[in-house]
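Worksheet for the structure shown next.
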Amino acid sequence: MKLFTASCSWIPRFISYRGLSSLNSNLRDTKDLLIKYNGGTVDLVKDTTTGIATISLNNPGKKNALTGKMMVELADNISELETWGGGKGLILTGTEGSFCSGGDLDFVKKVLTPELGFQMSCFMHDTLSRLHQLPMISVALIQGGAFGGGAELTTACDFRTMTESARIGFVNIKMGVITGFSGGTRLTRILGQRKALDILCSGRSLDCNDAKTIGLVDLVIPDMDSLDKTKSWLIKNYCTWDTEIIRRVKQVTLAAAEMDIETSLARERILFSQLWGGPAQKAAVSKNLKHN
Ligand SMILES: C[C@@H](C(=O)O)C(=O)SCCNC(=O)CCNC(=O)[C@H](O)C(C)(C)COP(=O)(O)OP(=O)(O)OC[C@H]1O[C@@H](n2cnc3c(N)ncnc32)[C@H](O)[C@@H]1OP(=O)(O)O
């Protein structure tokens, strides 16, 4: 069988994850290209009282399918969150009862060359890596459907909640491709290789029970008031602490997952010692707390 990649001589021979920065020079060009494919919005709301941000994918006529312009807006929203020192948590969701049905097929049909696919993929990898690396606790609220690229988006978050009637499917294989938004790598890190292979290679869609059983989803919630319920769960479980502490815990876990152990330990020592003797610790040690 002749390999399709034989015609893709323009693809760099070696691309390492850390090598992504060497592709960054192309991101501005890609942004200029993507923004021309109009439709939908991606809206960011920052609640300064709770420290919880919400990003909503909004293209309801197409079940929140992602246009090029929406990819750019998502990237811009992440850039804004990177500079928000007050952020504790982030909820990524969609409007009008859907999460996201993947790439907008009207847009996809206009960019069907390996070169443009590579550019789009680099852009989305950069955006979702930056989302994943935000020093706040991120949750994807899956409602309605999350398919193809939409399912991939959920894997960039730390946690996933899913409504009782929702479905999630990595259907890329049924569309003649594999994961373009980094979902293959991220799903494998979440589930392990065997379960990820099952989900990716079957292309089957999962209901909330399947998704919870395999460990893709952390919490199943009723359809009603799913955003409020996700927000309450996020705040109650992870975000009652001091902002600086939450952000440091997230950074420690990221370093441990993605760096060699000595570098990660060095980072943990610094993040720890900067809190030692601070107001939160002084208040806690003066309280004679019992943890049972
Ligand atoms: C990036 C790329 C990749 O593979 O890496 C991808 O993500 S490929 C994209 C992978 N995603 C897909 O192939 C999704 C295909 N769509 C579906 O399976 C279905 O539409 C569902 C998403 C399950 C929703 O079904 P349901 O019966 O609830 O609604 P529906 O089919 O009437 O959809 C409502 C309207 O949204 C449109 N619509 C739905 N998904 C769309 C998409 N991804 N791009 C463009 N339009 C889309 C439908 O054509 C329809 O338009 P009208 O009202 O005008 O008829």
How close do [X] and [Y] get, counting heavy atoms only, and between which atoms?
{"X": "Gly150", "Y": "Phe99", "value": "O-CE2, 3.2 Å"}
{"X": "Arg247", "Y": "Gly87", "value": "NH1-O, 2.9 Å"}
{"X": "Cys208", "Y": "Glu164", "value": "SG-O, 3.5 Å"}
{"X": "Ile142", "Y": "Arg167", "value": "CG2-O, 4.3 Å"}
{"X": "Ser264", "Y": "Val252", "value": "OG-O, 4.3 Å"}
{"X": "Phe123", "Y": "Ala75", "value": "CZ-CB, 3.7 Å"}

Do the side chain of [X] and the main chain of [Y] share a donor and acceptor less than 3.5 angstrom apart?
{"X": "Ser98", "Y": "Lys63", "value": "no"}
{"X": "Asn77", "Y": "Ile55", "value": "no"}
{"X": "Lys250", "Y": "Ile137", "value": "no"}
{"X": "Arg186", "Y": "Thr155", "value": "no"}
{"X": "Glu152", "Y": "Phe181", "value": "yes"}
{"X": "Thr54", "Y": "Val45", "value": "no"}
{"X": "Lys229", "Y": "Ile221", "value": "no"}
{"X": "Asn59", "Y": "Ala65", "value": "yes"}
{"X": "Ser182", "Y": "Met124", "value": "no"}
{"X": "Asp47", "Y": "Thr50", "value": "yes"}

Please check if atom CD1 in Ile261 has more than 12 non-hydrogen atoms from other residues, nucleotides or ligands closer than 6.0 Å.
no
Inspect the surroundings of NZ in Lys212 and state if more than 12 heavy atoms from other residues, nucleotides or ligands are less than 6.0 Å away.
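Not more than 12 within 6.0 Å, no.
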Donor + acceptor pair across side chains of [X], [Y] (<3.5 Å):
{"X": "Asn38", "Y": "Thr67", "result": "no"}
{"X": "Thr163", "Y": "Gln143", "result": "no"}
{"X": "Ser56", "Y": "Asn58", "result": "no"}
{"X": "Thr154", "Y": "Arg160", "result": "no"}

Out of Met120, Lys69, Met70, which residue meets the side-chain contact (heavy atoms from CB on, under 4.5 Å) rule with Phe107?
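Passing option: Met120.
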Could you state whether Leu81 and Val72 fall into the same hydrophobic cluster, counting links through intermediate Ile, Leu, Val, Met, Phe, Trp or Tyr residues with side-chain heavy atoms under 4.5 angstrom apart?
yes
Leu219-Ile52 co-clustered via ILVMFWY side chain contacts under 4.5 Å
yes
Considering only NZ, NE, NH1 and NH2 on the basic side and carboxylate oxygens on the acidic side, decide whether Lys110 and Asp106 come within less than 4.0 Å.
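Answer for the salt bridge query: no.
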Gap separating the [atom1] atom of [X] from the [atom2] atom of [Y], nearest 0.5 angstrom:
{"X": "Arg269", "Y": "Gln274", "atom1": "CZ", "atom2": "CD", "result": "13.0 Å"}
{"X": "Leu57", "Y": "Thr95", "atom1": "CG", "atom2": "OG1", "result": "7.5 Å"}
{"X": "Ile214", "Y": "Leu187", "atom1": "CD1", "atom2": "CG", "result": "7.0 Å"}
{"X": "Ile78", "Y": "Leu92", "atom1": "CD1", "atom2": "CG", "result": "7.5 Å"}

Leu27 side chain reached by Lys31 side chain, heavy atoms, under 4.5 Å:
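SC-SC contact between Lys31 and Leu27 ruled out.
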